[in-house]
Amino acid sequence: MKPQILLVEDEPGLVLTLSDLLAGEGYAVQSATDGRGGLARATRESFDAILLDVMLPGMNGFEVCRELRKRGNRAGILMLTARGQLPDRVAGLRLGADDYLTKPFEVPELLARLEALLRRVGKPERARVNEFRFGQIHVNFQTEEVYKDECRIALPGKELELLRYLVEHRDSVVSREELLEGVWRYQRGVSSRTVDVHIAWLRQKLEENPQAPRYIHTVRGVGYRFAP
Ligand code: CA
């Protein structure tokens with residue numbers, strides 16, 4: 001079954017473009033052009049994800065988001081904010097949005113974030129992986145032992161957890177937000193910079209050439225993809 005997407009956006013041009021684009025990517029797309037319409041539709045029908053503009057006539061995106069969560073709506077919410085409105089992004093996440101995207105955005109980034117969002121919501125967790133081999137690496141997550149070419153290497157706590165997350169989501173794009181949630185559980189003082197630093201450490205230890213990684217790829221503007 002196609003993932004059901006609700007687009008709440010008041011710019012007719014953008015509604016048209018995004019609807020076509022998402023339909024072309026295999027999503028079933030409905031739209032609403034103001035906050036109240038979006039809220040009504042999201043309450044009446046069931047969606048996997050909601051693309052929610054912040055600046056909307058009548059009721060803004062934040063109010064819609066807060067109201068949806070208050071009503072127990074569990075759809076993934078991706079807020080669309082104007083460039084540089086940082087306090088807005090934070091406000092959106094506090095009100096229960098899952099992610100945000102700054103306008104104007106690149107289509108690949110929208111698609112990658114939407115894909116990551118849909119993976120996080122609704123679908124059951126991936127099966128736990130206890131042991132994994134790729135290249136010269138052999139990891140046993142249960143005994144917490146990691147070997148490279150039969151030599152034991154040390155991966156302290158979060159590095160091992162991060163590797164496990166990447167392994168369990170291999171071949172998919174994982175955003176920094178997803179890693180912050182899945183590995184660090186939004187621990188205080190942890191930022192997306194922390195994610196990048198840990199990725200660099202993993203590459204240093206696991207990749208033959210950390211400057212040209214073969215397994216842990218950067219997905220520009222979004223996050224990473226582990227391709228064993
Ligand atoms: Ca708008």
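Note that these values count all heavy atoms, side chains included, but never hydrogens, waters or copies made by symmetry. We number each residue from 1, following the sequence as shown. Predicted model, so just to flag it, every value in this text is computed and none were measured.
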K.L.:
Restricting to non-hydrogen atoms, name the atom on P213 and the atom on P210 that form the minimum distance, rounded to 0.1 Å.
P.N.:
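Minimum heavy-atom contact is CD-O, 3.5 Å.
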
K.L.:
Distance check, rounded to the nearest 0.5 Å: R120 atom CZ versus H169 atom NE2?
P.N.:
10.0 Å

K.L.:
Run through R69, R119, R74 and flag the one making a salt bridge (charged side-chain N to carboxylate O under 4.0 Å, His left out) with D98.
P.N.:
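Of the listed residues R69, R119, R74, the salt bridge (charged side-chain N to carboxylate O under 4.0 Å, His left out) partner of D98 is R69.
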
K.L.:
Looking only at heavy atoms, which two atoms of I216 and Y224 are closest? And how far apart?
P.N.:
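Between these two residues, the closest heavy atoms are CG2-CD2, 4.5 Å.
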
K.L.:
Taking atom types as modelled, is there a side-chain donor on E178 or Y165 under 3.5 Å from an acceptor on the other?
P.N.:
yes

K.L.:
How long is the straight-line distance from CZ of R71 back to CZ of R66, given to the nearest 0.5 Å?
P.N.:
12.5 Å

K.L.:
Using only atom types and a distance under 3.5 Å, with no angle test, would you say the side chain of E207 pairs donor to acceptor with the backbone of Q204?
P.N.:
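Judged by distance alone, no pair lies under 3.5 Å.
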
K.L.:
As an exercise, state the distance from CG of L39 to CG of L52, rounded to the nearest 0.5 Å.
P.N.:
9.5 Å

K.L.:
Looking only at atom types and distance, does a side-chain atom of E11 sit under 3.5 Å from a main-chain N or O of G13, one as donor and one as acceptor?
P.N.:
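Judged by distance alone, no pair lies under 3.5 Å.
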
K.L.:
Is there a side-chain contact between L163 and F132, using heavy atoms and a 4.5 Å cut-off?
P.N.:
no

K.L.:
Side-chain heavy atoms nearer than 4.5 Å, only ILVMFWY residues, links allowed to pass through others: does that put Y147 and L166 together?
P.N.:
no

K.L.:
Measure the OG-CG distance between S192 and L179 for me, rounded to the nearest 0.5 Å.
P.N.:
10.5 Å

K.L.:
Strictly distance-based, threshold 3.5 Å: is any side-chain N or O of R113 a donor or acceptor partner for the main-chain N or O of L101?
P.N.:
no

K.L.:
Side chains of Y100 and L80, heavy atoms from C-beta outward: is any pair under 4.5 Å?
P.N.:
no

K.L.:
Do N140 and R133 pair up side chain to side chain, a donor and an acceptor below 3.5 Å, judged on atom types alone?
P.N.:
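Note: N140 and R133 side chains miss the donor-acceptor criterion.
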
K.L.:
Any non-hydrogen side-chain atom of L22 less than 4.5 Å from a side-chain atom of L111?
P.N.:
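Side chain of L22 against side chain of L111, heavy atoms only: contact under 4.5 Å found.
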
K.L.:
Might you work through the side chain to side chain contact (heavy atoms under 4.5 Å, CB included) test for C65 and M79, ending with a clear yes or no?
P.N.:
CA-CA 9 Å; C65 179; M79 309 275 316; 4.2 Å; yes

K.L.:
When rounded to the nearest 0.5 angstrom, what distance separates CZ in R193 from OG in S191?
P.N.:
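Answer for the CZ-OG pair, R193 versus S191, is 8.0 Å.
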
K.L.:
Treat each ILVMFWY residue as a node, draw an edge where side-chain heavy atoms are under 4.5 Å apart, and state whether W201 and L160 are in one component.
P.N.:
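Looking at the clustering, L160 is in a separate group from W201.
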
K.L.:
Side-chain heavy atoms nearer than 4.5 Å, only ILVMFWY residues, links allowed to pass through others: does that put L162 and V197 together?
P.N.:
no

K.L.:
Heavy-atom count around R176 CZ within 6.0 Å, excluding the residue itself: above 12?
P.N.:
yes

K.L.:
Regarding K205 and E159, does a basic nitrogen lie under 4.0 Å from an acidic carboxylate oxygen?
P.N.:
yes

K.L.:
Quick check on the hydrophobic clustering: are I153 and F141 connected, directly or via other members, by side-chain heavy-atom contacts under 4.5 Å?
P.N.:
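In one cluster with I153: F141, yes.
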
K.L.:
Looking at P228 and D171, what are the two nearest heavy atoms and their distance?
P.N.:
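Here P228 and D171 meet closest at CD-OD1, 3.9 Å.
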
K.L.:
Give me the atom names and distance for the closest heavy-atom approach of P3 to G26.
P.N.:
CD-O, 3.8 Å

K.L.:
Would you say the side-chain atoms of K158 pair up with the backbone N or O of W184, donor to acceptor, closer than 3.5 Å?
P.N.:
no

K.L.:
Quick check on R220: does its CZ atom have over 12 non-hydrogen neighbours (other residues, nucleotides or ligands) under 6.0 Å away?
P.N.:
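At most 12 heavy atoms, drawn from other residues, nucleotides or ligands, come within 6.0 Å of this atom.
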
K.L.:
Taking C-beta and beyond as the side chain, do M59 and E67 meet within less than 4.5 Å on heavy atoms?
P.N.:
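Side chain of M59 against side chain of E67, heavy atoms only: contact under 4.5 Å found.
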
K.L.:
Does the side chain of R225 come under 3.5 Å of the side chain of S172 through a donor N or O and an acceptor N or O?
P.N.:
no

K.L.:
Assess the residue pair F226 and R170 against the criterion (side chain to side chain contact (heavy atoms under 4.5 Å, CB included)); give the C-alpha distance rounded to whole Å, side-chain angles, the decisive distance to 0.1 Å, and a yes or no.
P.N.:
CA-CA 5 Å; F226 174 62; R170 58 194 175 275; 3.7 Å; yes

K.L.:
Output yes when a side-chain donor or acceptor of T194 lies under 3.5 Å from a complementary backbone atom of V190, and no otherwise.
P.N.:
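Between the backbone of V190 and the side chain of T194 there is no qualifying donor-acceptor contact (under 3.5 Å).
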
K.L.:
Hey, quick one: are L16 and L56 part of the same hydrophobic cluster, counting side-chain heavy atoms closer than 4.5 Å, chains of contacts allowed?
P.N.:
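Hydrophobic grouping puts L16 apart from L56.
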
K.L.:
Taking E168 for its side chain and V129 for its backbone only, find out whether a donor-acceptor pair lies under 3.5 Å.
P.N.:
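Confirmed, E168 side chain pairs with V129 backbone.
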
K.L.:
Can you give me the closest heavy-atom contact between N73 and A42, atom names plus distance?
P.N.:
ND2-O, 3.3 Å

K.L.:
Can you list the other members of the hydrophobic cluster that holds V219, where links are side-chain heavy atoms under 4.5 angstrom apart?
P.N.:
V173, V222

K.L.:
I want to check something: taking the side chain as every heavy atom from C-beta on, are E115 and L118 in contact at a cut-off of under 4.5 Å?
P.N.:
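In short, these two side chains do not touch, never coming nearer than 4.5 Å.
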
K.L.:
Looking just at side-chain N and O atoms, do E145 and H138 make a donor-acceptor pair shorter than 3.5 Å?
P.N.:
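No, no side-chain donor-acceptor pair sits under 3.5 Å.
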
K.L.:
Do L114 and D99 come close enough that some side-chain heavy atom pair is under 4.5 Å?
P.N.:
no

K.L.:
Would you check if I137 and Y215 make a side-chain contact, meaning some heavy-atom pair closer than 4.5 Å?
P.N.:
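Not in contact.
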
K.L.:
Does E106, at its CD atom, have more than 12 non-hydrogen atoms belonging to other residues, nucleotides or ligands within less than 6.0 Å?
P.N.:
no

K.L.:
Using the test side chain to side chain donor-acceptor pair (under 3.5 Å), find all partners of H217 that sit at least two apart in sequence or belong to another chain.
P.N.:
none

K.L.:
With a 4.5 Å heavy-atom cut-off, do I50 and L6 have their side chains touching?
P.N.:
yes

K.L.:
Show, in sequence, the C-alpha distance, side-chain angles and deciding distance for L51 and V8, and conclude whether the side chain to side chain contact (heavy atoms under 4.5 Å, CB included) test is met.
P.N.:
CA-CA 6 Å; L51 301 184; V8 189; over 6 Å; no

K.L.:
Within the 3.5 Å criterion, strictly below it, is a donor on T218 or R203 matched to an acceptor on the partner's side chain?
P.N.:
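Indeed, the side chains of T218 and R203 share at least one donor-acceptor pair under 3.5 Å.
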
K.L.:
Between L7 and S19, is the side chain to side chain contact (heavy atoms under 4.5 Å, CB included) condition met? List the steps.
P.N.:
CA-CA 8 Å; L7 169 63; S19 299; 3.9 Å; yes

K.L.:
Calculate, to the nearest 0.5 Å, the distance between atoms NZ and CE belonging to K103 and M55 respectively.
P.N.:
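K103 atom NZ to M55 atom CE measures 9.5 Å (nearest 0.5 Å).
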
K.L.:
Under 3.5 Å, side chain of D149 to main-chain N/O of C151, donor-acceptor pair present?
P.N.:
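Pair absent, no side-chain N/O of D149 close to backbone of C151.
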
K.L.:
Quick one: salt bridge (Lys or Arg N to Asp or Glu O under 4.0 Å) pairs with a partner in residues 41-52, sequence neighbours left out?
P.N.:
R41-E45

